[in-house]
Protein chains: 2
Amino acid sequence: MAISERKKKILTAVVEEYIRTAEPVGSKAIAQIGSLKCSPATIRNELAELVSMGYLAQPHTSAGRVPTPMGYRLYVNELMDRQRLSEEEAEDLNRRLNQRLQDLDDSIGGVSRLASQLTDYPALALTRQAAVSAQRFDLIYVDANTFIIVITLSSNVARSKLVRLPISVDQELVQRLGTLFNASFTGKREEEITPLLIHSTERAADDTAGITAVITAFLLEQLHEAAEPATFLSGENMLLSQPEFRDPDKAHRLMSYLSEGGHILPPSAAAAGTDEVRVFIGPENVAEELKDSSVIVASFDAGDGTRGLIGVVGPTRMDYSAVAAKLSFLAAGLSRRLGGGEAPPEGMHNKLIIKEPDNSHE
Amino acid sequence: MAISERKKKILTAVVEEYIRTAEPVGSKAIAQIGSLKCSPATIRNELAELVSMGYLAQPHTSAGRVPTPMGYRLYVNELMDRQRLSEEEAEDLNRRLNQRLQDLDDSIGGVSRLASQLTDYPALALTRQAAVSAQRFDLIYVDANTFIIVITLSSNVARSKLVRLPISVDQELVQRLGTLFNASFTGKREEEITPLLIHSTERAADDTAGITAVITAFLLEQLHEAAEPATFLSGENMLLSQPEFRDPDKAHRLMSYLSEGGHILPPSAAAAGTDEVRVFIGPENVAEELKDSSVIVASFDAGDGTRGLIGVVGPTRMDYSAVAAKLSFLAAGLSRRLGGGEAPPEGMHNKLIIKEPDNSHE
DNA sequence: GTTGGCACTCTTTGCTTTCGAGTGCTAATA
DNA sequence: TATTAGCACTCGAAAGCAAAGAGTGCCAAC
């Protein structure tokens, strides 16, 4: 059955009122909202139909209506205003973003904090490198017992470590090792660095002191760490201010799940195109723990093939419109600052596409 | 009035039972615990006296007794067993500690996570450097538009950054800048790097492209960051499993306070001697938000004049004994691995001194 | 000094009642 | 035919109340 214009208006009113108040909304309240010029009775009839169509639900016979996940979905896809931030908001956000952003890697935590402060929901941020390898090795001789390893990764981040040795080395050895590592390990991804390769390098180095082992260990550690999607979560406490989490057990369950850092995002989220906002409503989430929460994610280009995601978690009764706008703006700002390639002009809002998750398997 | 042996036993029983059950404990329960061979009636008399002495309180006339902060204080100072970890626990902990620990700086967050998992309370870890300065600069020429800054700090941590320039530089310039920076900025603390010094270096560099500015900015940023006490908080969600935080508002208030990262520790905590455990019970905390929680902190030596603290936050009804033992062990382990100087033999428990905070100002 | 006994207090729990918001239905109306 | 007013009905939330139970304080006896 097609859904009439008036039904859409009513559904919108229910969703927005429910988002605002967290209370089931009744026919009278909708009539008063305006934008509809008909009586509560008429609205009641429409509401009854919306219930039978599956967009709304009643907690119990004599209560107002509450949107179902399906209702939210329709709202998100078709009904809601695509909010844009006001000039001041945009400016403020840009300023804060600039403050945080020197090097993504250090500030990915800062980004998630920012997202959380901005939206008043717990937020997470993560990056996933495409394929990381070492681009270049520099070994700096400091003194007889000390040298510094600097590994420049393909993502153009330099990682360094100061190594103190129990034995002494000379400048020549350090330099020779540097050349050797540049020859053997540059461009290699983590899985390409086989024990065999390590072993042969070790022999070639003619290094009895085990210094090569230290370097390869550091290399592997850095590659591993860089390849590992770095996840940050902040603002967990925001959950507690939501009435749906007044039940401490429920709150605890979700918070534990979140802080385990695990599979918060549905796999398909990672596949999202840049600057596109995705919304996962209640049961659309794969993780059992998220079945009655919603997740909104935006994806951004962190440069050099690295993909980043920022998202927030909240009750299904979330302010989708506002949150999506903010995340979209944030993601666009990040892409602009971090991403290579064509930067959209500063200050311009990027388009806000909201994609529905792929549910073909259901 | 002096406190009799029997009163001590009874107080101990009340505290431990209350820690276990979170319910006010009655005379009958104490009698059944054993270790006292007298009737509930006798115990009631003693309890009444303990109440009038201020060690215990009654939530209401017909309820059992609950320890007051003063009661906990006595318990912590004199009565509780100084637990030591069992062999297996110690071994497990050591293993996990080794896993986490390569470089304190990266893993301070890991340490707090470990403390939280270990104790089932929210945990925080922080380090405070004594006075950080740059020990050495290395500028590595990569290509005409790129070079790497490596700053080795006095704390023996190397920090690096890959710099891309809009203009091109030659190897000679990079090298010259390196020498210049080594001459001008090594050994300088953040506050010693005045605009004047920066300016004169800039002039000496004969650098029209503003490369010195990039380097000084990075230097200042790193010094600032290193001097800033790095705080990490984890396991906030553990709070919610404590019955005293079943009230979502209360939980929210404390969690917000904690996640702001602020002044969790009383100032005196920072002054604690290494490997010493301090306990701050309820109102002993200076922060208003912590007035009915307890904080346990252990201090460790992170090497090179850096002091670290690990601590947990929980309700006053905390398992002081177990937590103190674990933190003490953890701190000792960290000191051993990170601290310079005399390392106590591996696997040995360090002594567990529990210091009372200095309350002379009250 | 210790103990058993007992009346008393105060919370907790469960039940019943009341109240009200909101519904669904029907009949009247534009 | 679509809308509206009216009204009886439902069901949860809040309030009130009684019974139960845990624990105390005190007294008198040991």
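Computed over heavy atoms, backbone and side chain alike; hydrogens, waters and symmetry mates excluded. Per chain, numbering begins at 1; letters A, B, ... match sequence-line order.
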Could you pull out all residues at least two apart from [X] that satisfy salt bridge (Lys or Arg N to Asp or Glu O under 4.0 Å)?
X        : answer
A/Glu89  : none
B/Asp247 : none
A/Arg253 : none

Problem - A/Arg317: side-chain contact (heavy atoms from CB on, under 4.5 Å) partners, not counting sequence neighbours - result: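 Scan of A/Arg317 (side-chain contact (heavy atoms from CB on, under 4.5 Å), adjacent residues dropped) gives A/Tyr18, A/Ile19, A/Ala22, A/Tyr72, A/Gln242, A/Pro243, A/Glu244, A/Pro315.
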Exercise for the section: Tell me, please, which residues at least two apart from A/Thr119 pass side-chain contact (heavy atoms from CB on, under 4.5 Å). Expected result: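 Testing A/Thr119 for side-chain contact (heavy atoms from CB on, under 4.5 Å), a comparison that skips the adjacent residues, returns A/Tyr121, A/Val312, A/Val323, A/Lys326.
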Checking [X] now: which residues fulfil side-chain hydrogen bond (donor to acceptor under 3.5 Å, both in side chains) with it, not counting sequence neighbours?
X        : answer
A/Tyr75  : A/Glu16
A/Ser39  : A/Thr42
B/Ser294 : B/Tyr320

Problem - nucleotides 4-22 of chain D: protein proximity per nucleotide (B base, S sugar-phosphate only, - neither; heavy atom, under 4.0 Å) - result: BBB---BBS---------B
Problem - Nucleotide D/dT3, atom P - distance to CD of A/Glu49 in whole Å - result: 11 Å
Practice task
Calculate the interatomic distance between B/Gln58 atom CD and D/dG23 atom P; express it in whole Å.
Solution key: 12 Å
Handout entry: B/Val279 and B/Arg73, any side-chain heavy atoms less than 4.5 Å apart
Key = yes
Problem - Contacting residues from residues 23-30 of chain B, given that a heavy atom lies under 4.0 angstrom of DNA chain D - result: B/Gly26, B/Ser27
What pairs of donor and acceptor atoms, side-chain ones from residues 23-30 of chain A against any protein atom, are under 3.5 angstrom apart with sequence neighbours left out?
unit_1	atom_1	unit_2	atom_2	d
A/Ser27	OG	A/Arg44	NH1	3.4

Problem - DNA chain C: 5'-most and 3'-most nucleotides touching chain B, 4.0 angstrom heavy-atom criterion - result: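 Nucleotide range in contact with chain B: C/dT2 to C/dT11.
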